Asker: 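Below is a structure I'd like to ask you about.
Since this is a predicted model, take the numbers as computed values, not measurements.
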Amino acid sequence: MMTQTQEKEVTDYLIFQELPLDILVEIKDHMISQITDAQIHGNLSFEDAFLKVKKSWDGEFKMVNYFLFSPVKIPLIVKKIIKEKFNVLLKKSFMIGLAFLGINLLLIYFSKSQEEYRIFFRLLNGMFLLTMGTVWLFNIKIWKYMRTDFKYKGKCFYTLYQHNVGLMVIITISMLQLLGKNGHYAYQFFRTQNTSEIVGTIITLLVPFILHSSVIFTLFNFFEHKKTLKKMQNFLQSADN
C-alpha cells in the first residue's frame, strides 16, 4: 500500500511535468498502479519502482511544439490528448455551424426585403452574443479558473480546456463587429441575382459561418472545462486556501 507521502511524491513529479490537472489525475492513477505492480512482482522498493515507471513514461513527457494550442511547448502526451478531444469538438462545431449557415440562407429567402433580412441577420448574430453573455453571467464563481494565468501552484492548468476558454473574449469582439453588418451582398446575390460581387458574397457567408462555429467551439470548451472542474474539488479547494 502506497503511503500519502509517496503518493504526494508522484503528484509533485507530475506537476513538475506541467500537465493539466485533469490529465494529471488520470496519469497519476495509472502510474500508482504501475508502481504498485512493480513493487509486488519485481520485489522493488518504492524508490526503485518509481524510477522504473518514470523511465517508461519519459517519452510521453517530452516537450513538443503545438502552435495551434499553445505558444509554448507542451508535453507530448498532452498534445496527443488535446488533438483527440479537440478534433471531436471541432467537427461538432462545424456541423452545427453548417446548420446555422443553412438557417442564414433560409432567412435570405424568407425575407421580403433587404431591410427585413438585415433585421434577421442581426438577430441571428445577436443570439450568439446573448448566449455567450448568459454563460459568463451565470458562471461568476468559476471566472478565475478561466484565466490562462491562473494555475494550480503556479504551474498547471486546471483543465486542458482552460487554454481555449479565453478565446471567448476574442470571438465576442469579432461577433460585436459582425453585428454591425447587414449581409447585403448575400441577399443581393440570391434574391436579385446580382453576381457582380462574388467575393463580397462569399465573405458575407463565410465569415458568419466561421464565427458561429468558433462560438460553438468555445462554448463546448467552456462546458467541458466547467464539468471537469466539478470533478476536481480537492484541487480547487487547495487553490482557494
Asker: Supply the atom-to-atom distance N125 CG to Q177 CD, rounded to the nearest 0.5 angstrom.
Answerer: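 The CG atom of N125 sits 12.5 Å away from the CD atom of Q177.
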Asker: Determine, step by step, whether L107 and F121 satisfy the side chain to side chain contact (heavy atoms under 4.5 Å, CB included) criterion, reporting the C-alpha distance in whole Å, the side-chain angles of both residues, the deciding distance to 0.1 Å, and the verdict.
Answerer: CA-CA 8 Å; L107 290 176; F121 182 78; over 6 Å; no
Asker: Check whether R122 reaches the backbone of G180 with its side chain - one donor and one acceptor, N or O, closer than 3.5 Å.
Answerer: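 Side chain of R122 to backbone of G180: a pair is present.
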Asker: Please check if atom CD in E116 has more than 12 non-hydrogen atoms from other residues, nucleotides or ligands closer than 6.0 Å.
Answerer: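 Enclosed.
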Asker: So which atom in F220 and which in S93 form the shortest heavy-atom distance, rounded to 0.1 Å?
Answerer: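 Smallest heavy-atom distance, with atoms named: CD1-OG, 3.4 Å.
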Asker: Flag yes if I103 and F94 sit in one hydrophobic cluster, no otherwise; membership is Ile, Leu, Val, Met, Phe, Trp, Tyr, and two members link when side-chain heavy atoms are under 4.5 Å apart.
Answerer: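 Yes, because I103 and F94 connect within a single hydrophobic cluster, where side-chain heavy atoms sit under 4.5 Å apart.
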Asker: Ring pair (Phe, Tyr, Trp, His ring centres under 6.0 Å) between Y13 and F50: does it pass, once the steps are laid out?
Answerer: CA-CA 10 Å; Y13 169 73; F50 190 20; 5.7 Å; yes
Asker: Quick check: closest heavy atoms across Y109 and R191, and the distance to 0.1 Å?
Answerer: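 Heavy-atom minimum between the residues: O-NH1, 3.2 Å.
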Asker: Calculate, to the nearest 0.5 Å, the distance between atoms NZ and CD belonging to K28 and E26 respectively.
Answerer: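 K28 atom NZ to E26 atom CD measures 13.0 Å (nearest 0.5 Å).
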Asker: To check you understand the geometry: which heavy-atom pair defines the closest contact between M63 and P75, and what is its length?
Answerer: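 For M63 versus P75, the nearest heavy atoms are SD-N, 3.7 Å.
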Asker: Is I96 reachable from L105 through a run of I, L, V, M, F, W or Y residues, each pair having side-chain heavy atoms under 4.5 Å apart?
Answerer: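 The answer is yes; both residues are in one hydrophobic cluster.
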Asker: So does K8 pair up with D12, basic N to acidic O under 4.0 Å?
Answerer: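 Salt bridge between K8 and D12, a charged N being under 4.0 Å from a carboxylate O: yes.
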Asker: Atom CD of E224 and atom CG of L160: how far apart are they, to the nearest 0.5 Å?
Answerer: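 It comes to 9.0 Å.
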Asker: Could you tell me whether the side chain of L167 reaches within less than 4.5 Å of the side chain of S214, counting heavy atoms only?
Answerer: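 Counting from C-beta outward, S214 and L167 never come under 4.5 Å.
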Asker: Between M175 and L129, what is the shortest heavy-atom contact and its length?
Answerer: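 Closest approach of M175 to L129: CB-CD2, 3.5 Å.
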Asker: I'd like to know whether T228 forms a side chain to side chain contact (heavy atoms under 4.5 Å, CB included) with Q162, so could you lay out the CA-CA distance, the side-chain angles of the two residues, the decisive distance to 0.1 Å, and finally the verdict.
Answerer: CA-CA 10 Å; T228 305; Q162 186 176 352; over 6 Å; no
Asker: Just to verify, which of N221, T218, V215, I173 counts as forming a side-chain contact (heavy atoms from CB on, under 4.5 Å) with M168?
Answerer: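 That would be T218.
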Asker: So Y158 and D22, do their side chains get closer than 4.5 Å, heavy atoms only?
Answerer: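 Heavy-atom side-chain distance check fails, nothing below 4.5 Å.
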Asker: Heavy-atom count around K54 NZ within 6.0 Å, excluding the residue itself: above 12?
Answerer: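 More than 12 within 6.0 Å, yes.
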Asker: Are side-chain heavy atoms of L19 and F61 found at a separation under 4.5 Å?
Answerer: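 With C-beta onward as the side chain, the pair touches.
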Asker: Any side-chain heavy atom of V10 sitting closer than 4.5 Å to one from F46?
Answerer: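 Of all side-chain heavy-atom pairs linking F46 with V10, at least one is under 4.5 Å.
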Asker: Does Q4 CD have over 12 foreign heavy atoms under 6.0 Å away?
Answerer: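 At most 12 heavy atoms, drawn from other residues, nucleotides or ligands, come within 6.0 Å of this atom.
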Asker: Rounded to the nearest 0.5 Å, how far apart are OG1 of T192 and CD of Q114?
Answerer: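 If I round to the nearest 0.5 Å, the distance is 8.5 Å.
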Asker: Quick check on the hydrophobic clustering: are M31 and L44 connected, directly or via other members, by side-chain heavy-atom contacts under 4.5 Å?
Answerer: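 Different hydrophobic clusters.
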Asker: Can you get from I27 to F157 by hopping between Ile, Leu, Val, Met, Phe, Trp and Tyr side chains that sit under 4.5 Å apart?
Answerer: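 In one cluster: no.
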Asker: Measure the OG1-CG distance between T204 and N182 for me, rounded to the nearest 0.5 Å.
Answerer: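 Spacing of OG1 (T204) from CG (N182) equals 8.5 Å.
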Asker: Under the ring pair (Phe, Tyr, Trp, His ring centres under 6.0 Å) rule, what do F150 and Y145 come out as? Steps first, then yes or no, please.
Answerer: CA-CA 6 Å; F150 188 75; Y145 298 106; 5.3 Å; yes
Asker: Evaluate the side chain to side chain contact (heavy atoms under 4.5 Å, CB included) criterion for residues I203 and Y185: first the C-alpha distance (whole Å), next the side-chain angles of each, then the deciding distance (0.1 Å), finally the verdict.
Answerer: CA-CA 9 Å; I203 293 174; Y185 287 126; over 6 Å; no
Asker: Are a donor atom and an acceptor atom from the side chains of W57 and Q17 found within less than 3.5 Å of each other?
Answerer: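 There is no such pair (donor and acceptor under 3.5 Å, judged by atom type) between the side chains of W57 and Q17.
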Asker: Taking the side chain as C-beta and beyond, is there a heavy-atom pair between F190 and L205 under 4.5 Å?
Answerer: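 In short, these two side chains touch, coming nearer than 4.5 Å.
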Asker: Walk me through whether F100 and F128 qualify under ring pair (Phe, Tyr, Trp, His ring centres under 6.0 Å).
Answerer: CA-CA 11 Å; F100 278 101; F128 281 88; 4.9 Å; yes
Asker: Report yes if some heavy atom in the side chain of N104 is under 4.5 Å from a heavy atom in the side chain of F209; otherwise report no.
Answerer: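 Of all side-chain heavy-atom pairs linking F209 with N104, none is under 4.5 Å.
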Asker: Between M127 and L124, does a side chain to side chain contact (heavy atoms under 4.5 Å, CB included) hold up when you go through it step by step?
Answerer: CA-CA 5 Å; M127 180 188 70; L124 178 64; 4.1 Å; yes
Asker: Taking all heavy atoms of K151 and all of T148, pick out the closest pair and write down the distance.
Answerer: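 Scanning both residues, the minimum pair turns out to be CE-O, 3.7 Å.
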Asker: Do N139 and F222 touch side chain to side chain, with heavy atoms closer than 4.5 Å?
Answerer: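 Yes, close enough: below the 4.5 Å cut-off.
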Asker: Measuring from T201:OG1 to L206:CG, what's the distance to the nearest 0.5 Å?
Answerer: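 Output value for this atom pair is 12.0 Å.
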Asker: Heavy-atom distance under 4.5 Å between the side chains of W143 and W136, does that happen here?
Answerer: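 Contact flag for W143/W136 side chains = yes.
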Asker: Using every non-hydrogen atom in the two residues, find where Y117 and I108 come nearest and quote the distance to one decimal.
Answerer: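 Shortest heavy-atom separation between Y117 and I108 comes out as CE1-CG1, 3.4 Å.
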Asker: Test of understanding: clusters of I, L, V, M, F, W, Y form through side-chain heavy atoms closer than 4.5 Å, transitively. Do I82 and V88 belong to the same one?
Answerer: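 I82 and V88: separate clusters.
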